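Take a look at the structure below.
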Amino acid sequence: MEYRHLGKSGLKVSAIAYGNWITHGSQIEEDAARACVLAALDAGISTFDTADVYAGGSAEEVLGRALKGVPRESVEICTKVYWPIGDGPNNSGLSRKHIAESLHNSLRRLGTDYVDLYQAHRYDHETPLEETLRAFDDLVRAGKALYIGVSEWRAEEIDAALRIAAQMGLDRIVSNQPQYNMLWRVIEPEVVPLCLREGVGQIVFSPIAQGVLTGKYQSGAQPPAGSRATDEKSGAAFISRWLNDEVLTAVAGLPALAAEAGLTPAQLAVAWVLHNPAVSAAIVGATRPEQVKDNAAAAGVRLEPDLLRKIDDTLAAVITRDPARTQSPSERP
Ligand SMILES: NC(=O)c1ccc[n+]([C@@H]2O[C@H](COP(=O)([O-])OP(=O)(O)OC[C@H]3O[C@@H](n4cnc5c(N)ncnc54)[C@H](OP(=O)(O)O)[C@@H]3O)[C@@H](O)[C@H]2O)c1
């Protein structure tokens with residue numbers, strides 16, 4: 001495994017992180033979830049990502065149980081706050097009240113006294129940024145969260161947070177967690193240059209586009225049994241955005257390019273995001289241990305410029321680059 005600094009912070013994360021959205025507490029049974037976590041630890045993965053909202057809190061519980069007995073200092077546990085975890089007016093967003101209460105409940109579900117990275121899952125347009133940053137800073141000072149990050153924030157939102165933290169003497173965000181993969185490159189024009197300049201690391205999600213970049217979904221064919229596209233609880237709805245003829249026809253060209261480089265398609269996809277110097281870690285999901293092993297082998301792989309050009313040519317028609325596509329809800333959900 002390769003370990004990278006999270007931005008310019010002193011914290012090191014495994015270049016491949018393991019995340020449990022859609023899977024733990026939902027698509028897969030607990031023994032499969034535990035097997036994936038053990039496979040991740042075996043592969044040297046030390047960074048685990050979850051959120052208060054995943055599977056209604058069950059994802060944090062399953063992860064907490066799977067990591068039980070693992071020396072706490074040998075792993076980095078990352079969770080998030082923002083999306084609604086109940087119907088009440090203060091059950092979502094980034095108010096001081098919700099941040100404090102949500103972390104309290106996350107720690108209980110995870111069975112730990114602190115998280116390594118606490119992330120604002122989206123930008124909250126209904127709460128002053130000063131209030132949010134002060135609330136995070138208080139948690140850092142109380143030792144409940146060691147570092148603070150954000151997820152899917154626009155460049156100007158990250159910039160404002162850095163400025164306010166400097167002015168108010170508050171802890172500064174160290175990371176952003178955006179969606180980033182060969183098909184979805186919207187962070188490249190604005191978020192990446194700002195974050196490289198400011199030392200904010202990208203810990204990117206869906207590097208394999210939820211499985212689509214493995215080539216397992218083919219135009220006109222039924223999705224493979226047990227895959228996310230067949231998960232009626234939530235996976236099928238989330239992956240459907242990629243399952244159209246145009247995308248599937250383009251990605252059908254990737255397995256041959258991966259083979260030329262001596263990689264599996266999943267490894268090519270993960271190595272591709274890690275090739276970007278702004279990326280501290282790629283958070284992969286997995287439903288079985290073999291997938292974790294496959295993905296983890298992408299750490300340390302170097303991709304040649306010629307291969308990168310061929311990937312761009314193969315996908316040219318289906319790449320999204322517009323930075324305006326990064327958007328948090330205008331009102332708190
Ligand atoms: N901050 C946010 O808003 C946000 C949003 C989404 C995700 N995330 C984080 O990012 C993590 C990863 O997201 P993701 O699950 O969408 O990422 P992903 O790694 O792009 O997709 C993971 C899924 O692809 C399939 N897969 C993985 N490796 C494979 C392999 N080697 N061969 C074949 N299929 C493979 C598996 O699904 P099947 O086996 O079911 O096909 C797996 O569950 C999440 O768990 C979460 O921690 C964050």
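As the structure lists them, so they are numbered: ligands from 1, and atoms in each ligand from 1. All of these numbers come straight from a predicted model, not from anything done at the bench. The first residue of the sequence shown is numbered 1, and numbering continues consecutively from there.
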Subject >> atom 22 (C) of ligand 1 - nearest protein heavy atom and its distance >> reply: G285 O, 3.5 Å
**OP:** Report the part of T50 (side chain from C-beta onward, or backbone N, CA, C, O) that has a heavy atom under 4.0 Å from ligand 1; answer both or neither where that applies.
**Re:** neither
**OP:** Considering only NZ, NE, NH1 and NH2 on the basic side and carboxylate oxygens on the acidic side, decide whether R141 and D137 come within less than 4.0 Å.
**Re:** yes
**OP:** Check if Y54 has a non-hydrogen atom at a distance under 4.0 Å from any atom of ligand 1.
**Re:** yes
**OP:** Using a 4.0 Å heavy-atom threshold (strictly under), name the region of A229 that reaches ligand 1: side chain, backbone, both or neither.
**Re:** neither
**OP:** Over 60° means perpendicular and under 30° means parallel, so classify the ring planes of W21 and Y54, tilted if in between.
**Re:** tilted
Original post:
Salt bridge check: are E130 and R134 linked by an N-O gap of less than 4.0 Å?
Top reply: no
**OP:** Using a strict 4.0 Å cut-off to heavy atoms of V284, name the atoms of ligand 1 that fall inside it.
**Re:** 12 (C), 19 (O)
Original post:
Just distances here: any N/O of A266 and N/O of ligand 1 closer than 3.5 Å?
Top reply: no
Original post:
Between S227 and ligand 1, which residue portion shows a heavy-atom distance shorter than 4.0 Å: side chain, backbone, both, or neither?
Top reply: both
**OP:** Name the orientation class of the two ring planes belonging to W272 and Y180 (parallel below 30°, tilted from 30 to 60°, perpendicular beyond 60°).
**Re:** tilted
Original post:
Can R154 and E156 be counted as an ion pair, charged N to O under 4.0 angstrom?
Top reply: yes
**OP:** Decide whether a cation-pi geometry holds between R241 and W184; the criteria are a distance under 6.0 Å from NZ or CZ to the six-membered ring centre and an angle within 45° of the ring axis.
**Re:** yes
**OP:** Take atom CZ of F238 as the centre, draw a 6.0 Å sphere, and report whether it contains more than 12 heavy atoms from other residues, nucleotides or ligands.
**Re:** no
Original post:
For ligand 1, which atoms, with element, lie under 4.0 Å from some heavy atom of A286?
Top reply: 42 (C), 43 (O)
Original post:
Is NZ or CZ of R228 both nearer than 6.0 Å to the six-membered ring centre of Y217 and within 45° of the ring axis?
Top reply: no
Original post:
Is it the side chain (CB and beyond), the backbone, both or neither of D294 that lies under 4.0 Å from ligand 1, heavy atoms counted?
Top reply: side chain
Original post:
When you measure from atom 48 (C) of ligand 1 to every protein heavy atom, which one gives the shortest distance, and what is it?
Top reply: Q177 OE1, 2.9 Å
Original post:
Is a salt bridge present between D116 and K12, judged by a nitrogen-to-oxygen distance below 4.0 Å?
Top reply: no
Subject >> Option of least heavy-atom distance to atom 3 (O) of ligand 1 (set: K80, Q119, R122, E152) >> reply: R122
**OP:** With heavy atoms of G226 as the reference, note each atom of ligand 1 found under 4.0 Å away.
**Re:** 40 (O)
**OP:** Heavy-atom distances under 4.0 Å are what count here, so tell me which part of T214 touches ligand 1: side chain, backbone, both or neither.
**Re:** side chain
Subject >> Step-by-step ring pair (Phe, Tyr, Trp, His ring centres under 6.0 Å) determination, H24 to Y18 >> reply: CA-CA 11 Å; H24 294 191; Y18 176 68; 5.5 Å; yes
Original post:
To which protein heavy atom is atom 44 (C) of ligand 1 closest, and what is the distance rounded to 0.1 Å?
Top reply: W21 CB, 3.4 Å
Original post:
So, E198 and R172, do they make that salt bridge, N to O below 4.0 Å?
Top reply: yes
Original post:
Among all protein non-hydrogen atoms, which one is nearest to atom 39 (O) of ligand 1, and what is the separation to 0.1 Å?
Top reply: T287 OG1, 2.6 Å
Original post:
Would you call K80 and D49 a salt bridge, using N to O less than 4.0 angstrom?
Top reply: yes
Subject >> Nearest neighbour of atom 16 (O) of ligand 1 from the list S206, P207, P178, on a heavy-atom basis >> reply: S206
Original post:
Applying a strict 4.0 Å limit to heavy atoms, is Q27 in contact with ligand 1?
Top reply: yes
**OP:** Look at atom 15 (O) of ligand 1 and say which protein heavy atom is nearest, naming residue and atom and giving the distance to 0.1 Å.
**Re:** R228 NH2, 2.7 Å
Subject >> Protein contact to atom 12 (C) of ligand 1 [nearest heavy atom, distance to 0.1 Å] >> reply: I283 O, 3.3 Å
**OP:** Using a strict 4.0 Å cut-off to heavy atoms of H121, name the atoms of ligand 1 that fall inside it.
**Re:** 1 (N), 2 (C), 3 (O)
Original post:
Out of curiosity, does V247 fall in the hydrophobic cluster containing L254 (side-chain heavy atoms, cut-off under 4.5 Å, transitive links)?
Top reply: yes
Subject >> atom 28 (N) of ligand 1 - nearest protein heavy atom and its distance >> reply: N295 ND2, 3.0 Å
Subject >> ligand 1 N/O within reach of T23 N/O, cut-off under 3.5 Å >> reply: no
Original post:
Evaluating non-hydrogen atoms only, which member of F205, Y82, Y217, W83 is closest to atom 8 (N) of ligand 1?
Top reply: F205
Subject >> Student check: side-chain heavy atoms of Q202 and S175 closer than 4.5 Å >> reply: no
Subject >> Nearest-option assignment for atom 21 (O) of ligand 1, heavy atoms, candidates H24, Q210, K216 >> reply: Q210
Original post:
Between Y18 and ligand 1, which part of the residue brings a heavy atom under 4.0 Å of the ligand: side chain, backbone, both or neither?
Top reply: neither
Original post:
What residue and atom, counting heavy atoms only, is the protein's closest point to atom 36 (C) of ligand 1, and at what distance?
Top reply: Q291 OE1, 3.4 Å
Original post:
Quick check: does A209 get an N/O under 3.5 Å from an N/O on ligand 1?
Top reply: yes
Subject >> Side-chain ion pair, E30 and R65, N-O less than 4.0 Å >> reply: yes
